[in-house]
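Take a look at the structure below.
Convention: sequence-line order gives letters A, B, ...; per-chain numbering from 1. None of these values were measured; they are calculated from a predicted model.
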Amino acid sequence: MSPEQEAFLAKKKEKAAARRAKPEEKGTLGITSLMDIVSILVVYLLKSYASDPIVINPTAGQKIPMSSADAPIQDGIPIFVTTRGITFDSKKIVTMTPDGDIDPSQVQNHLIGPLYDQLAEEVDKAKQLAERQGKGWNGRVILVGDELLKFSVLVDVMYTTGRAEFSEYSFCVIRKS
Amino acid sequence: MPRKKFEEEEIEANMLPVMNVMFLLIPALLMAMEFASMASINVSPPKFAAAAPAKDEEKKDEKPLNLKVFVMEDGFRVSADAQQEGAEAGKAQDSKQPTIGLAKAGAPLTDFDRYDYKALEDKAKKYKEAYPTEVTVTVSAEANIPMAAIIMTMDALAGRTCKISKALKGEKVPDDCYFWQPIVEGGAS
């Protein structure tokens, strides 16, 4: 070992000894900023939830029409209707033809069979729940349609929901700023 | 040439300012994001004859307007009191021609601005002045008309500056709100 290397090791040992001799310092974590961010997030999220009690998450590729309407969305059961299919309760239950019409095998005299079955089941559940809670059942359906959705499809969906005892309808739109 | 003396130093990066900035950036970015603000248009299904039994008791001077707007591929057909706008007296409609033509003739159906919403809004305003208590309008369309065009038609009939949310909570309906309760009726296919 060369004298230089020896000197270097000696110095290293000295340093290590000095470090060991040093009293242990307690590390402190600055949580002020963390508190700031958490407070801001909480206020922001609270504000969002207070203003929009109903959360509508459009299906992939769906373009909700724009409107100057400003009425808030009231509590109801959402049905997502696009040019590719009808989604209810996160399940795609009806498929469309490439032209954007309902598959003819799934609709008869404006009644969309698979949608009606699902809605009837949902209505039974909702009615039972409302009865247990001693509340009246409001049959409101929120139609979340695509901007290219054909009027004929819209009418069929409204007719089917009407047959399933829904009496109030809301069209979900994006508010123009 | 003498070698440079190398002194080993332990450098500890002070991450605290970086962390502070990062944590403050998160809400800043979240706030900068544009979230779509949702609203709704409350529509009613068509009323049937059984729902109006008290017709005989109504005074003759309180005749309902029965405003109907039919969205066609070539424009709007407007009718009131069971007569098409501009048709010969006593005739429900005198032709299949639209009352209000297209603003952009020849534009595809996917161009939602092809209709003359301004003219429709002006007509709604005119009817509202004549029937100030009326708020309902029946909207129907041809089978291929896209939903966005129906929504924009409803907006024009309600008044595009109409803000109805406060009125729904019990306040007075603003003067610039015309026919804000649409009834959707199945159209011809």
[X] atom [atom1]: more than 12 heavy-atom contacts under 6.0 Å:
X: B/D175; atom1: CG; result: no
X: A/Q108; atom1: CD; result: no
X: A/K63; atom1: NZ; result: no
X: B/R160; atom1: CZ; result: yes
X: B/K128; atom1: NZ; result: yes
X: B/K166; atom1: NZ; result: no

ask   = Can you name the closest pair of heavy atoms from B/L168 and A/A71 and give their distance?
value =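 Looking at all heavy atoms of both residues, the shortest contact is CD1-CB, 3.6 Å.
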Self-check item: Closest approach of B/V139 to A/F151 (non-hydrogen atoms, all atoms of both residues)
Solution: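 Smallest heavy-atom distance, with atoms named: O-CZ, 4.5 Å.
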**Asked** Using non-hydrogen atoms only, which part of B/I164 is less than 4.5 Å away from chain A: side chain, backbone, both, or neither?
**Response**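 Both parts, backbone and side chain.
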Where on B/I41 is there a heavy atom nearer than 4.5 Å to chain A: the side chain, the backbone, both, or neither?
->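 Both backbone and side chain.
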Hphob cluster co-occupancy, [X] + [Y], side-chain heavy atoms under 4.5 angstrom:
X: B/V78; Y: B/L65; result: yes
X: B/V71; Y: B/L109; result: yes
X: A/L143; Y: B/W180; result: no
X: B/L102; Y: B/L120; result: yes
X: B/Y178; Y: B/Y131; result: yes

Pick one of side chain, backbone, both or neither for A/D101, based on which atoms fall under 4.5 Å of a heavy atom in chain B.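 The answer is neither part of A/D101.
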**Message:** What part of A/S167 gets within 4.5 angstrom of chain B, counting heavy atoms only: side chain, backbone, both, or neither?
**Reply:**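 Contact with chain B involves the backbone of A/S167 alone.
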Looking at chain B, which one of [options] has the largest number of heavy-atom pairs inside 4.5 Å, strictly under?
options: A/S67, A/P65, A/G162; value: A/S67
options: A/M158, A/K12, A/K150, A/K11; value: A/K150
options: A/D156, A/L154, A/L148; value: A/L148

Counting heavy-atom pairs under 4.5 Å to chain A, which of B/A149, B/S165, B/A167 comes out on top?
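That would be B/S165.
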Quick one: does [X]'s side chain get under 4.5 Å of [Y]'s, heavy atoms only?
X: B/M38; Y: A/I174; value: yes
X: A/R140; Y: B/N42; value: yes
X: A/S68; Y: B/C162; value: no
X: B/V184; Y: A/Y169; value: no
X: A/M66; Y: B/F112; value: no

Point-to-point distance, once rounded to the nearest 0.5 Å, from OG1 of A/T82 to CE of B/M147
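The distance works out to 12.0 Å.
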**Message:** Taking A/P72's backbone N and O only, do any of them form a donor-acceptor pair with B/S40's side chain (distance below 3.5 Å, no angle check)?
**Reply:**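 Yes, the answer is positive, given that a donor and an acceptor are paired below the 3.5 Å cut-off.
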